[in-house]
Amino acid sequence: MPELPEVETTIKGLEPLIGTFIINIKIHTPKLRFLIPKNIINIKRGIKIKKIERRGKFIIISLSNDYSIVIHLGMSGRLRLFNIKKYNKIKHDHFSLKTNKKQLLIFNDVRRFGFIDYDKSNKICNKKYIVNLGLEALDCSLTGKYLQSKICNKTVQIKQILLDQTIIAGIGNIYASEILFNAKISPLEFGKDLSVANCNKLVISTKKILQRAINAGGSTLKDYVSTDGILGNFQNKFKVYNRGGQKINGRIVKKIVQYGRSTYYCPKLQIKNK
DNA sequence: CGGCAAACCTGCGAGC
DNA sequence: TGCTCGCAGGTTTGCC
């Protein structure tokens, strides 16, 4: 489910939690990608939820005890917010947080590739998974020049580079294909072969595609829903993703596998230069 | 160091 | 109907 637009949509759905006070936290599944820190259940009643923000695909919830909860949704994770009375536990509900406003935040994750971390706020920003992140995909500091400087020695293909969170944070497998199509750049192009002009195109397409997806409430594949249960609808706007064999502007979309991940592109409209 | 396959999990659809 | 296989929105690990 979760690339930047879906995480951003999730964050917006969590806004009603801001300013509320935690009543309790329960862990139903101790180990996701790694163990949920046990001391998270010791959060005292009355600790306030101060801020909820996104960094790359990470959700950071800052508390009034100077600790933060970090949530990564992995491949199949999702957060939903219930009125306590309307909650019915379902399979793969691993974690819950109850507030004084009768809200119940539930973390559900079929594949358990997601994780939950809990530590002092000033330690979170030094965690490897945060420190190593590259520039935010939507940040104005992300420019073609920056991208080119990061990839000018890379012998891997640009599709793989777009997924590299240490260069640009937030792009995932779906939007990588969509971005490349929008920029009319072949996913097979090698990083070192991309001109600054092409890097500019990529950066512009990245921002355009991700922003459009956010505006559409993210994408819904399988059963992903946002925190309030509403379906995102950007998947209806995919030009190439999941459209192998179909035509776009009269040209056939091809599915290939790169570095173990599916890539969809249009060879006629995304011509490789070298 | 860089690149790449495999690993971590469950569920679903296709094909036999 | 039921089995096996391949694949799924992400990231880390370990090997070369």
Side-chain angles (χ1 to χ4, degrees), chain A residues 1-11 28-36 54-59 70-79 90-95 107-117 127-134 137 150-180 187-188 190-193 206 209-210 213-214 216-226 231-245 255-264:
Chain A
M1 167 242 25
E3 301 183 33
L4 186 152
E6 291 74 38
V7 177
E8 188 68 28
T9 301
T10 298
I11 298 255
H28 302 110
T29 308
K31 188 180 176 291
L32 302 173
R33 195 164 94 211
F34 50 74
L35 284 173
I36 301 174
R54 181 186 61 72
R55 176 76 175 96
K57 300 171 191 170
F58 295 86
I59 296 165
V70 181
I71 299 175
H72 192 286
L73 300 173
M75 288 278 250
S76 54
R78 64 196 219 199
L79 286 169
I90 58 169
K91 211 173 175 183
H92 309 300
D93 280 354
H94 304 305
F95 174 93
F107 178 76
N108 180 288
D109 186 1
V110 172
R111 297 176 71 181
R112 302 204 300 275
F113 287 173
F115 74 75
I116 296 176
D117 200 3
K127 297 262 180 179
K128 212 171 139 190
Y129 57 76
I130 297 289
V131 170
N132 288 347
L133 291 174
K150 286 286 188 182
I151 71 177
C152 58
N153 292 318
K154 290 218 175 280
T155 58
V156 290
Q157 292 167 320
I158 185 62
K159 162 68 189 316
Q160 171 80 343
I161 291 172
L162 291 179
L163 296 179
D164 185 342
Q165 302 299 299
T166 72
I167 298 175
I168 301 176
I171 301 173
N173 199 48
I174 292 178
Y175 296 112
S177 283
E178 294 297 318
I179 288 163
L180 286 161
L188 303 171
F190 293 104
K192 61 183 172 55
D193 294 336
T206 294
I209 294 291
L210 295 181
I214 290 170
S219 301
T220 303
L221 261 54
K222 307 236 170 132
D223 62 347
Y224 166 70
V225 287
S226 55
L231 303 175
N233 72 353
F234 192 75
Q235 69 281 4
N236 301 321
K237 296 174 183 168
F238 291 165
K239 302 281 192 207
V240 289
Y241 187 82
N242 239 340
R243 295 193 185 281
K255 176 186 173 173
I256 58 172
V257 174
Q258 292 178 285
Y259 310 94
R261 312 292 307 272
S262 295
T263 300
Y264 297 85

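Convention: sequence-line order gives letters A, B, ...; per-chain numbering from 1.
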Quick check for you: among [options], whose closest atom lies nearest to any side-chain atom of [X]?
X        : options               : value
A:His72  : C:dG9, B:dT10, C:dT11 : C:dT11
A:Phe113 : B:dC9, C:dA8, B:dG11  : B:dC9
A:Arg111 : C:dG9, C:dG10, B:dC9  : B:dC9
A:Arg33  : C:dG9, C:dG10, C:dA8  : C:dG10
A:Ile174 : C:dG9, B:dG11, B:dT10 : C:dG9

Considering just the side-chain nitrogens and oxygens of [X], establish if one lies under 4.0 Å of OP1 or OP2 belonging to [N].
X        : N      : value
A:Arg261 : C:dG9  : yes
A:Lys57  : C:dT11 : yes
A:His92  : B:dC9  : no

Can you find a heavy atom in the side chain of [X] that is under 4.5 Å from one in the side chain of [Y]?
X        : Y        : result
A:Asn242 : A:Lys255 : no
A:Leu4   : A:Arg54  : yes
A:Ile174 : A:Glu6   : no
A:Gln165 : A:Lys57  : yes
A:Gln157 : A:Tyr259 : yes

Within this structure, what is the [atom1]-to-[atom2] distance between [X] and [N], rounded to whole angstrom?
X        : N      : atom1 : atom2 : value
A:Ile256 : C:dG6  : CD1   : P     : 20 Å
A:Leu32  : C:dG10 : CG    : P     : 17 Å
A:Asn173 : C:dT11 : CG    : P     : 11 Å
A:Lys128 : C:dT11 : NZ    : C1'   : 11 Å
A:Asp164 : C:dT12 : CG    : P     : 10 Å
A:Arg112 : B:dT10 : CZ    : P     : 5 Å
A:Leu210 : C:dG9  : CG    : P     : 16 Å
A:Asp109 : B:dC8  : CG    : P     : 16 Å

Please name the pair of heavy atoms, one in A:Thr155 and one in A:Phe190, separated by the smallest distance, quoted to 0.1 Å.
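Distance-wise, the nearest heavy atoms are O-CD2, 3.1 Å.
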Sequence neighbours left out, what passes ring-ring contact (aromatic ring centres under 6.0 Å, His included) with A:Phe95? Give chain and number order.
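Checked A:Phe95 against ring-ring contact (aromatic ring centres under 6.0 Å, His included); zero matches.
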Between protein and nucleotides 1-3 of chain B, what N or O pairs are separated by less than 3.5 Å?
from, atom 1, to, atom 2, distance (Å)
B:dG3, OP1, A:Thr155, N, 2.9
B:dG3, OP1, A:Thr155, OG1, 2.6

Base, sugar-phosphate alone, or nothing: which one does A:Gly172 contact when heavy atoms must sit under 4.0 Å apart?
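Sugar-phosphate only.
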So A:Gln165, base contact, sugar-phosphate only, or nothing? Heavy-atom distance under 4.0 Å.
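Result for A:Gln165 = sugar-phosphate.
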Atom pair CZ/OG1 of A:Arg78 and A:Thr9 - distance to nearest 0.5 Å
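Going from the CZ atom of A:Arg78 to the OG1 atom of A:Thr9 covers 14.0 Å.
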Working to the nearest 0.5 angstrom, can you tell me the gap between A:Asp109 CG and A:Ile116 CD1?
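With rounding to 0.5 Å, CG (A:Asp109) is 9.0 Å from CD1 (A:Ile116).
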Could you spell out the base pairing of DNA chain B as a dot-bracket line? Use Watson-Crick and G-U wobble contacts where both distances are under 3.5 Å, [ ] for crossing pairs, | for partners on a different strand.
.|||||||.|||||||
For the side chain of A:Asn108 and the backbone of A:His92, is there at least one donor-acceptor N/O pair under 3.5 Å apart?
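Checked: pair present.
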P spacing across the pair C:dC3 / B:dC9, given as an integer number of angstrom
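Taking atom P in both C:dC3 and B:dC9, they lie 24 Å apart.
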